[in-house]
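Everything on this sheet refers to the single structure shown next.
Every number for a ligand or one of its atoms is a count from 1 in the order of the listing.
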Amino acid sequence: MAETTYLIAKRFNFKIFGQVQGVGFRPFVYKIADELNLYGFIKNSENGVELELEGQILQIEEFISILNSPRLPPLAQIDKIETLEIKAISSKKFEIIHSTANTKNSKVALVVPDIAICKDCLKDSSTSKNSKYYDYFSTTCTNCGPRYSIIKTVPYDRENTSMSKFKMCDSCEEEYTNPLNRRYHAQPISCNDCGPTLTKSIKLTAEHIKNGKIVAMKGLGGFHIVCDSTNDKVIEKLRQHKNRPTKPLAIMCKNLEQVKLLALASTKEKELLGSKEAPIVILKKSLDASLKISKSVAPNIDRIGCFLPYTALHHLLFKELKNPIVATSANLSSEPIIIDAQDIKEKLPFVDFVLDFDRDIINGVDDSLVQVVAGNTQILRLSRGYAPKVIKLPFKSEKKILAVGANAKNAIAFVIEDSIIISPHIGDLGSLKAFEFFQRTIETFKRFYDFEPDVIVHDMHPNYETTKWAKEQGKELIEVQHHLAHIYACKAEFGLSKDYLGFSFDGTGYGNDGKLWGGEIFVGDERKYTFKPLKLLGGEKAIKEPRRVALSMLFDKYSLDEVLALDAEVVKSFKANEIKILHQSYTKNLNAPQTSSVGRLFDAMASFLNLLQFQSYEGEAGLICEQNYNSEITQSFEYKIVDGIIDIEYDFFDKELVSKFINTLVKIVLDISKQMNMEVILSGGVFQNKTLLELVASVLIKENIKHYYQQETVINDGGIALGQAYYKFIT
Ligand SMILES: [Zn+2]
Ligand SMILES: [Zn+2]
Ligand SMILES: [Zn+2]
């Protein structure tokens with residue numbers, strides 16, 4: 001008792017920076033202030049929130065410690081707190097001040113990604129029979145649900161989202177305005193009485209799935225094409241219509257237990273599956289997976305992509321279903337994800353049944369795709385849940401920069417002050433629709449961040465749509481070589497600035513010399529080593545037909561007659577006449593561009609072993625090589641480096657070709673790393689090869705060589721924009 005008389009109220013001003021707007025941070029602070037008898041106010045500020053707290057110092061210290069505890073709302077993220085003691089003014093209450101004046105200027109008042117339904121909302125919609133949200137397909141709160149996909153413009157208020165047309169009922173309104181409620185200022189708040197409605201019943205949808213129909217179902221960022229994963233016939237039908245013979249289809253499982261029946265999942269992989277981002281996680285199939293779901297889901301490979309329900313709608317659907325479902329993005333190949341039911345009818349007429357609802361999707365966003373490599377997350381597609389993603393820089397940029405990325409797996413990046421903001425996955429820009437989506441995304445981000453670029457960074461490839469677009473904008477331009485951009489993407493993620501030994505193993509990209517690069521080793525920004533080039537017989541066609549790459553490697557070593565006489569499957573896969581024509585193209589360099597791509601070497605290995613002569617999707621050869629890697633084989637091929645060119649002495653007819661080839665790549669990375677005595681960066685699409693990356697990482701660890709590879713950002717061409725943005729920064 002006596003003690004309290006000595007305690008004098010203190011007052012502090014706090015400026016908190018980070019992801020603290022529109023994520024339930026202010027009500028969270030309100031609640032804590034209430035618990036701790038602290039008075040004052042909180043309001044949104046330009047780049048975060050500002051608050052003043054008055055009360056006993058012990059309570060204020062307790063408040064600070066709670067900010068650093070797991071009690072923080074799941075979507076909130078504090079980057080920095082500035083504290084200043086000010087004069088106490090004997091406040092007697094705590095209030096949330098609603099200021100809209102500043103928010104428009106808040107340049108990095110982060111637009112938050114869409115988040116999977118939280119446990120509390122799941123309980124409300126699935127099990128709490130008395131809840132007004134019971135059975136409601138669009139149950140959300142401040143801690144979960146749609147964000148990016150429903151925002152038209154900032155600030156993130158209901159009237160700026162596609163929820164604006166739904167008037168809240170009294171009960172929702174009460175929750176929305178009560179700072180102690182979980183749904184306080186949750187913009188998409190709605191219930192069975194006042195929210196969006198489904199066009200068909202969930203039960204009927206489930207019946208169609210069970211009956212072997214192809215169903216299109218609206219989700220957070222677009223439509224999914226859904227069907228029963230155990231039904232061979234419907235999957236074959238889907239594959240035929242989508243002209244997608246073997247590319248694996250993702251599987252949505254009822255719960256983690258169901259995933260475990262199909263695949264092996266480590267602790268880390270299980271965490272990812274159940275995370276608030278809820279990505280598709282690529283897992284190793286269990287041995288009897290093919291007994292539980294159709295073999296056609298992911299034919300010829302030992303991996304399977306699984307994800308868990310991430311909206312109330314998905315969970316309610318699974319109440320009616322026993323089997324896992326195929327759930328793949330609804331689109332035409334090389335077009336963006338469909339967000340409008342009308343497009344389903346026009347573009348995917350084979351769909352039997354459509355489940356739609358009347359909340360519009362403003363910004364299409366695909367499912368994210370991840371795998372675990374050497375115990376670390378590797379993001380292969382940065383999209384729903386993860387993007388827009390912010391990478392913090394250690395300093396502020398004076399210029400506003402737009403990086404337009406690559407032509408495949410496109411994403412864009414913006415530099416504003418001390419942040420690089422990466423857009424969700426846009427996709428391959430191989431169609432007009434896709435290119436429109438690219439332009440639309442640029443416009444969306446310009447609007448969100450009140451942004452007009454001073455500088456545009458682009459790839460060197462003169463024929464990339466992104467390059468052509470950049471050149472039309474009348475802005476200061478900077479071009480960055482594709483494989484160097486891969487290295488810079490890694491530097492950006494880890495905030496690196498000095499010179500590194502960078503291994504950029506990739507598909508093909510345009511090089512400084514106008515040739516196609518793809519197996520480049522940089523010291524700082526200088527390319528020091530490259531792989532001996534091979535010829536792509538027939539140009540683009542050689543990417544679809546690994547056998548053409550293999551054949552050109554045979555032509556490097558043997559005469560035409562010798563090749564024709566070889567008893568090799570790759571040779572037998574051609575007609576003799578075709579080989580003669582391709583030999584002409586080889587010797588005369590007709591439609592036979594050279595490339596140093598490591599990705600193409602993997603294609604050739606798969607062809608020599610007759611594992612794959614034609615590839616129906618990008619990376620298929622690499623996946624098949626991985627599953628034929630034999631860890632008991634320790635030998636590798638000899639190689640030499642002459643004038644910076646790495647020349648491997650293959651034995652094309654060795655039955656352990658793949659294992660020895662992968663071991664050779666590992667040895668090359670190790671030998672050069674030891675020799676150069678520098679810290680190492682590994683980037684480029686080839687490092688999605690889990691077997692290769694794990695082997696390389698383990699030998700580098702053994703030799704104590706510090707090395708980096710991307711985890712939170714994309715190691716394939718989805719990361720090019722990030723590298724381009726960061727390149728401008730550092731140089
Ligand atoms: Zn929730
Ligand atoms: Zn309501
Ligand atoms: Zn690339």
Side-chain angles (χ1 to χ4, degrees), residues 23-24 73-75 114-126 128 131-134 136 138-147 158 163 166-177 181-197 220 276 278 310-312 315 380 405-411 428 459-461 464 466 480-490 502-511 516-520 543 595-600 618-619 682-688 710 714-724:
V23 293
L75 302 187
D114 293 33
I115 295 296
I117 185 169
C118 72
K119 280 198 186 79
D120 295 320
C121 286
L122 182 57
K123 210 167 130 199
D124 287 346
S125 63
S126 295
S128 309
S131 166
K132 74 181 212 215
Y133 298 104
Y134 185 67
Y136 180 50
S138 189
T139 305
T140 64
C141 72
T142 318
N143 302 327
C144 71
R147 299 284 159 113
R158 185 152 167 133
M163 284 302 293
F166 302 98
K167 190 179 171 345
M168 283 179 225
C169 67
D170 289 349
S171 158
C172 284
E173 175 108 44
E174 199 183 293
E175 291 191 69
Y176 183 82
T177 49
N181 192 285
R182 198 172 90 241
R183 296 188 171 92
Y184 175 75
H185 276 225
Q187 306 307 342
I189 187 176
S190 58
C191 69
N192 268 320
D193 289 337
C194 66
T197 47
L220 277 184
K276 65 184 193 299
Y310 57 81
T311 64
H315 284 281
L380 305 176
N407 231 41
K409 300 185 166 68
N410 181 270
D428 297 348
D459 196 272
M460 272 182 177
H461 203 305
Y464 271 11
T466 50
V480 187
Q481 199 280 323
H482 184 100
H483 301 100
L484 192 57
H486 276 303
I487 300 298
Y488 270 87
C490 184
F503 293 85
S504 198
F505 290 0
D506 202 26
T508 51
Y510 198 83
L516 294 174
W517 291 9
E520 318 309 319
I543 294 173
T595 182
S596 48
S597 164
V598 176
R600 297 292 82 79
E618 196 225 323
L682 309 163
S683 194
V686 167
F687 286 110
Q688 296 173 98
Q710 287 149 269
V714 186
I715 205 162
N716 60 39
D717 281 6
I720 289 291
L722 172 63
Q724 291 170 341

To the nearest 0.5 Å, what is the distance between [atom1] ([X]) and [atom2] ([Y])?
X    : Y    : atom1 : atom2 : value
E173 : K167 : CD    : NZ    : 6.0 Å
L516 : Y510 : CG    : OH    : 8.5 Å
Y133 : T140 : OH    : OG1   : 7.5 Å
K132 : C172 : NZ    : SG    : 3.5 Å
K276 : K119 : NZ    : NZ    : 12.0 Å
N410 : T466 : CG    : OG1   : 6.5 Å

Q.
Quiz question: by atom type and distance under 3.5 Å, do the side chains of Y136 and S190 form a donor-acceptor pair?
A. yes
Q.
Could you tell me if N407 and H461 have a donor-acceptor pair between their side chains, going purely by distance under 3.5 Å?
A. no
Q. Can you tell me if H483 has an N, O or S atom under 2.8 Å away from the Zn ion (ligand 3)?
A. no
Q.
Distances under 2.8 Å only: what protein N/O/S atoms are near the Zn ion (ligand 1), ordered by chain and residue?
A. C118 SG, C121 SG, C141 SG, C144 SG
Q: List the atom of C141, the atom of R183, and the distance in Å for their closest heavy-atom pair.
A: CB-CG, 3.7 Å
Q: Write down the atom of G24, the atom of P73, and the distance for their closest heavy-atom approach.
A: O-CG, 3.6 Å
Q: Would you mind reporting whether I115 and R147 have side-chain heavy atoms less than 4.5 Å apart?
A: no
Q: To the nearest 10 degrees, calculate the angle at the Zn ion (ligand 3) involving OD2 of D506 and NE2 of H482.
A: 100°
Q.
Test of geometry: compute the angle OD1(D717)-the Zn ion (ligand 3)-NE2(H486) and round it to 10°.
A. 90°
Q. Mind counting the protein N, O or S atoms sitting less than 2.8 Å from the Zn ion (ligand 2)?
A. 4
